[in-house]
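Here's the structure, in structure tokens; my notes come after.
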Amino acid sequence: MSKIIVNRIKNYLDKTFKDKIDLSDIANKPAEEQQRYFLSRALAAYALTIESGASIEDAGKSITDGFDDNGIDAIYFDRASKNLWLIQSKFIVSGTGGIDNGDIEKFTKGVKKLIDGDFDRFNLKIKAKQDEILEALDDASVKIQTLFIYTGKELSSHNKTSINDLLEEQNDSEEIVFFSDFNIDKIYKGLETGIGNTPINEDIMISNWGHIDAPYKSYYGQITGSDLGILWEKYGRRLFTENIRSFLGTSIANNEIIKTIKTEPDNFIYFNNGITILCKNIKKKPIGGSDKAIGAFTCNGISVVNGAQTFGSIGSLYSSNPIELSQVKILVKFISLEESPEGFGQRITIATNTQNKVEKKDFVSLDTEQARIKMELKLENIDYHYKRTDEKVIANETNYLLEEVAFSLASLFNNVDYSTMVKKESGKFWEDVTKQPYSDLFNQNVSAQKIIKAAKIYRYISEEMSKMASKTEGREKSICRYGNAFVSHIIFQKMDNSIWGENYADFNVFFDKILPQMAKKYIKMLIEKIETEYPYSMIVYTLRNYTKCRHLKTLMV
């Protein structure tokens, strides 16, 4: 039976990814060998279309397989969902077995090199993706998704040990690196549900429903969390192909959605904005008649255009909380495009996603301390921008931004957790403007002069480390890229307190002569301490780890 399934998978890959996979690097190899390469690469691309929701074209462009790929056959950065996908694929003709453990060890070592920014020994395909990989690693909310896709039944115990070693080593205090085992059974299941532009057709149960007949047909009402969970399990991110963004995974907003589901399921329908779904056409089934309490609807060409975060958050809970989700109700609106004018669906997508949304950072503008700081900085000929605007402002000597002021003050604060927070979860600074950490940074004791000095020092250290990063490679480069807040914190702790005085006259002397020496000293020391204490940990996550940064501080202060 496995042989038959393998042949069906092969035929599908040939049909779907023909001319979508680059084979120019093996053009001189025999046709049979080229076909083996094609199938392995197409399999990696296929995994991305199913797991990440990537288009066939984008999945084809993600392939990095070839000499010096270090075991990484595809790399795809999904900016919308904040996931960096690293894939290894094996097309096993027999349909049995797993992956050679040597290949898995090669892959795990490649992952570590990639995350540490060591691109020297990678091929040109991977080097071409260097900027987007570093962009992904710069974002503390991005998760690294490792995935093995293979036309075999299961991984061996040795395979699993190698994978678990990677996960345990990198996921010290929080889960950052994840693993997915995509065997032949999952591959075949994916063929059944389809990929790419294959329409999603489903029967949907809506309770307490109502309808609009003109000018375009629409049904609205309530749907259970468990019903949404079933759809998520079946289709995943394919549900959001027409949305302006996919499910973002772990985020502050999505964590709040999950928290409400778990702690106040009965109130979820009141707190949540609901979900908007477009359909090619909708038909009510005869069952239930005109009873509005419950109705069954056949929906063809389903696409979620608003509420992706609600849908994805509920979906992420389904496998572990199906019973709890059955108690959760969500407002849902299905709109039929059957008789609508061309482009109407796109207009709905834009309209439902571009209404002005209030972010937690916007509440900062209500804090009277911000207005005071703005006025005091204005007296120093500095414009302070703390309200969101469509005006593009570049931070310089006469323009200060809320974020950089907050990051400077966070690094200045005596608790190293705050400088770590700059890199790990900066959104926490304005989660609640009445509480810590915000109230520790912005209060009546923070003067304009203190902000100016802190910002100048923070900027200088950041610029110096950025220059160093451009001249180095590997782990040292990564330390210089991600260590600016930590080094700033150490230097702030080492500075003489008199420097912060309003009447201190020698700040320029400190800034021009002493600070450069301190920066050089503590940047070098940070590099040495990390390489001594955490030689096998990924740099980007070492400098976002509260425990490790606390320990590093004890060694440097």
Side-chain angles (χ1 to χ4, degrees), residues 1-17 21 39-56 58-60 62-63 65 71-76 78 81 83-100 103-104 107 143-157 159-160 162-164 166-167 177-196 198 200 202 229-241 246-247 249 312 315-320 322:
M1 186 64 180
S2 294
K3 192 72 173 178
I4 296 174
I5 292 176
V6 169
N7 285 334
R8 288 176 178 172
I9 294 170
K10 174 183 176 297
N11 292 336
Y12 182 84
L13 296 177
D14 281 331
K15 177 183 176 181
T16 306
F17 292 98
I21 305 293
L39 290 173
S40 180
R41 294 177 183 185
L43 196 61
Y46 169 79
L48 286 170
T49 62
I50 297 295
E51 290 294 282
S52 75
S55 68
I56 292 171
D58 287 344
S62 74
I63 301 303
D65 175 55
I72 303 174
D73 297 324
I75 299 174
Y76 177 65
D78 185 355
S81 67
N83 282 300
L84 178 63
W85 292 88
L86 306 177
I87 313 290
Q88 183 176 98
S89 66
K90 297 294 176 185
F91 192 91
I92 303 169
V93 177
S94 66
T96 59
I99 301 177
D100 183 80
D103 290 333
I104 290 183
F107 174 83
K143 303 299 183 184
I144 298 172
Q145 303 286 350
T146 61
L147 182 148
F148 293 162
I149 181 167
Y150 56 103
T151 52
K153 283 293 185 181
E154 63 178 341
L155 298 175
S156 69
S157 59
N159 293 161
K160 294 174 182 176
S162 296
I163 295 163
N164 288 333
L166 172 69
L167 299 180
V177 181
F178 297 81
F179 172 73
S180 297
D181 180 1
F182 209 109
N183 63 14
I184 192 170
D185 294 331
K186 289 187 177 180
I187 295 171
Y188 197 62
K189 181 180 178 182
L191 297 185
E192 293 175 345
T193 57
I195 65 172
T198 306
I200 296 176
E202 287 287 339
I230 291 170
L231 288 174
W232 173 264
E233 286 277 293
K234 191 170 183 180
Y235 299 106
R237 288 179 172 83
R238 278 192 58 216
L239 291 157
F240 313 133
T241 53
S246 183
F247 176 50
S316 69
L317 292 174
Y318 180 68
S319 61
S320 58

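- Across every non-hydrogen atom of Ala45 and Phe17, the tightest pair is CB-CE2, 3.6 Å.
- When atom types are taken as modelled, the side chain of Asn183 and the backbone of Gly152 share no donor-acceptor pair closer than 3.5 angstrom.
- To the nearest 0.5 Å, atom CZ of residue Phe179 and atom NZ of residue Lys160 are 9.0 Å apart.
- Ile87 is not listed as a side-chain neighbour of Gln145, based on a closest heavy-atom distance of 4.5 Å or more.
- The two atoms that bring Gly71 and Phe107 nearest to each other are O-CD1, 3.1 Å, heavy atoms only.
- Across Ser55 and Thr49, no two heavy atoms sit closer than the pair O-CG2, 4.1 Å.
- Taking OG from Ser62 and CD1 from Ile72, the interatomic distance works out to 12.0 Å, rounded to the nearest 0.5 Å.
- Put simply, the side chain of Asp14 never gets that close to the backbone of Asn11: no donor and acceptor are under 3.5 Å apart.
- A donor-acceptor distance shorter than 3.5 angstrom exists from the side chain of Gln88 to the backbone of Asp103, with no hydrogens or angles considered.
- Formation of a donor-acceptor pair under 3.5 Å by the Asn159 side chain with backbone atoms of Ile104 is not found in this model.
- Side-chain N or O atoms of Ser40 include one that pairs as donor or acceptor with a backbone N or O of Ser89 at under 3.5 Å.
- Within the 4.5 Å cutoff, the side chain of Phe182 has heavy atoms near those of the Ile50 side chain.
- One distance of note links CZ of Phe148 with CG of Leu86; it measures 10.0 Å at 0.5 Å rounding.
- Counting only heavy atoms from C-beta outward, the side chains of Ile9 and Leu13 approach each other to under 4.5 Å.
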Give the C-alpha distance, both sets of side-chain angles, the deciding distance and a yes or no for side chain to side chain contact (heavy atoms under 4.5 Å, CB included) between Lys3 and Val93. CA-CA 8 Å; Lys3 192 72 173 178; Val93 177; 3.3 Å; yes
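- Considering only heavy atoms from C-beta on, Asn83 stays 4.5 Å or farther from Phe178 through its side chain.
- Within the model, atoms CG of Asp73 and CZ of Arg41 stand 8.5 Å from one another, a figure rounded to the nearest 0.5 Å.
- The CD1 atom of Ile5 lies 7.0 Å from the CZ atom of Arg8; values are rounded to the nearest 0.5 Å.
- Applying the salt bridge (charged side-chain N to carboxylate O under 4.0 Å, His left out) test to Lys186 and every residue at least two apart in sequence or in another chain returns nothing.
- Listed here is the closest heavy atom pair of Ala47 and Leu147: CB-CD2, 3.8 Å.
- Side-chain atoms of Ile163 and Leu155, non-hydrogen and from C-beta on, do get closer than 4.5 Å to each other.
- Separation of atoms CG (Asp65) and CD1 (Ile75) is listed at 11.5 Å; rounding is to 0.5 Å.
- With Thr151 contributing its side chain and Phe91 its backbone, the two residues share no donor-acceptor pair below 3.5 Å.
- Between the side chain of Ser52 and the backbone N or O of Ala54 there is at least one donor-acceptor pair closer than 3.5 Å.
- Summarising the geometry of Ile63 relative to Ala74, their closest heavy-atom pair is CD1-CB, 4.0 Å, with the distance given to 0.1 Å.
- The shortest non-hydrogen separation linking Ile21 to Ala42 is CD1-CA, 4.1 Å.
- Formation of a donor-acceptor pair under 3.5 Å by the Tyr46 side chain with backbone atoms of Ile187 is found in this model.
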